[in-house]
Each structure stands twice: as C-alpha cells, then as structure tokens.
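In what follows, every heavy atom counts, from backbone to side chain, and hydrogens, waters and symmetry copies are set aside.
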Amino acid sequence: MVGCATEQNVSENESINKQREITRLCIECGLLLLQHGAESMLVEQLTTRVGIALGASQVDSAISSNSLVLTTIIDGRCLTSTRRIIDRGINMHVVTEVQHAVILVEHHLLDSKQLQKKLSLIKPLRYPRWLMVFMVALSCACFSTLNGGGWESALITFIASGCAMYIRQVLTSHQMNPLINFCMTAFVATSVSGLLLKIPYLAVTETISMAASVLLLVPGFPLINAVADMFKGHVNTGVARWTMASLLTLATCIGVVVAMTIWDLREWA
C-alpha cells in the first residue's frame, strides 16, 4: 500500500511539473508576441494552440494593456501564471518566428525542451541604423513627390526626415519615453524642413515637404491593431492601444507646433 501511494505521488508530481512547464512555455510565447506588436486575438490563438499541442486540455488567457494572465487545465487541474508586458517595439520577425515554432510543435517536430530552446534563441531582427535612416528618408521624399512636390521639396524632405529618424533611433536606444521621443523627433523634422525652406534658393519650394518630413511618426501599426482588437472582442486592449496611438499623435503635434513657434515658420500654416 505504501509503495502504491509513493508511486501515485511521484506520478502526480511529474504531472504537476509537466503542467508547469507547459504553462510557462505558453505564457512565454504570449509575452514574445505582445512585446513585439502582435494583435490580441493572434496571441490568444497561438497560446491555446501550443498548449493543446503540448498536452493541455484547455488554455485560457486574459490580455490587458500591460499584463498577461494565462491558465492551463490538465486532468481537471488548473494552473495560472501572470506576467507583466514590457514593450520592446514592433518587430514582425519575432511574431513570425513564434508562429513558426508553434506550427512545428503542432506537427510534433518540437517537444517542450526544444521549444524552450527555440524561444530563447528568437531575437528581434534589427537593420543597420544607416539603412533605416536612408529608407525612411527616401520613403518620405517619395511621399512628398507623390503629393505634388518637386525635386527641391523631395530633397528637403529627405534631409529633414533623415535627421529626424536618426534622432528617433538615438532616443530609442537610450530608452527615452515614447511620447518625449515623438515630440522631439517632430520638432527636429519640422525645424530642419522649415529652416531649409527659408534659404532664398528654396523659398519657392512647395511646403508639402514640412508635412512629409513627419510622416515617419504616423502610428499606423498601433492604430490598426487597436481597431482589430476592438472588432475581435478585445475591447479593453483595443481602447488602450488606441489611446496610446492618440497620445503619440498629440506628442507629434506638440513638437510641430513648438518648432513652428520658435522659428516663426509660417510656410505650413
């Protein structure tokens, strides 16, 4: 009788440890997704899929703007874990890698230990700073041209948005508050483009360059995720993301207005 009881306890302990491991892997997947810009429904679906693939009978999650609560159910036993979400910036490479890992688990090509190793190796894909500055500046210059600006306007936009993007990356590397980051970046972009327009040779240039130079600060991805969350039932998270995107837009407007006031830039007005 004692031996049977001991074997039962050992088996139960192994089952609990296995459930803890499954819960930890599920919530790590969810954290990676939320920290890098995935929408809430995708997080909910992938955490459920990886949990069931690893042996859970049910996985439930509750997502808020800054935390993730996840519960796994195995043999009628519940285990809940809570983690705080720290924004790491939008990076679809991480989201794609997590999705790929989940698919491999579902096809039994990865077990729990291999999944843990794969998740630990997932790192955000970062392009060289000079390449980001060049491509963002080029895209803003193209926007200026598409909206009726000439080559002078495109050149001003290229210079102003390139300077602004460089400042934005420097501030981001120093973990500056996003609102302050956007405000200062908008100030730099408006200042550079506005002052260039004051050069006599460029005075007749179209003022679209001032508007195009701050295009890099449009929070398009957060707004898209906010709408997607609200349409798919995650209203609280959607409202929180919408509010943050609105605050970023407000910070951008403040930076533009401050620059126009300090340098007396009336061209855009």
Any chance you could measure [X], atom [atom1], to [Y], atom [atom2], to the nearest 0.5 Å?
X	Y	atom1	atom2	answer
K117	L115	NZ	CG	12.5 Å
Q19	I16	CD	CD1	8.0 Å
T243	L248	OG1	CG	11.0 Å

Margin query: Quiz question: by atom type and distance under 3.5 Å, do the side chains of T80 and T71 form a donor-acceptor pair?
Written below: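 The answer is yes; a qualifying pair exists.
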Note to self: Checking side-chain polar atoms at under 3.5 Å, does S153 have a donor or acceptor matched by the opposite partner on S144?
What the structure shows: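 Their side chains do contain a donor-acceptor pair, which is all the 3.5 Å distance test asks for.
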Next item on the list: Would you sort out whether S15 and D75 count as a side-chain contact (heavy atoms from CB on, under 4.5 Å), showing the intermediate values?
Entry: CA-CA 9 Å; S15 179; D75 298 329; 4.2 Å; yes
Note to self: Please evaluate residues L54 and E21 with respect to the criterion side-chain contact (heavy atoms from CB on, under 4.5 Å), reporting the C-alpha separation (whole Å), side-chain torsions for both, the decisive distance (0.1 Å), and the verdict.
What the structure shows: CA-CA 10 Å; L54 291 174; E21 185 177 13; over 6 Å; no
[X] side chain vs [Y] backbone, donor-acceptor pair below 3.5 Å:
X	Y	result
S57	I73	yes
E28	Q116	no
N181	L171	no
R168	L216	yes

Margin query: Working note: T72 + T23, criterion side chain to side chain donor-acceptor pair (under 3.5 Å); need CA distance, chi angles, decisive distance, verdict.
Written below: CA-CA 6 Å; T72 58; T23 305; 2.6 Å; yes
Check: Under a single-linkage definition using a 4.5 Å side-chain heavy-atom cutoff for Ile, Leu, Val, Met, Phe, Trp and Tyr, are I90 and L247 assigned to the same hydrophobic cluster?
Finding: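 No, it is not one cluster - the side chains of I90 and L247 are not joined through contacts under 4.5 Å.
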Check: Can you find a heavy atom in the side chain of L223 that is under 4.5 Å from one in the side chain of W242?
Finding: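 They are in contact (side-chain heavy atoms under 4.5 Å apart), so the answer is yes.
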Next item on the list: In plain terms, say whether K18 and E14 are close enough for a salt bridge, that is, a side-chain N and a carboxylate O under 4.0 Å apart.
Entry: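 Answer for the salt bridge query: no.
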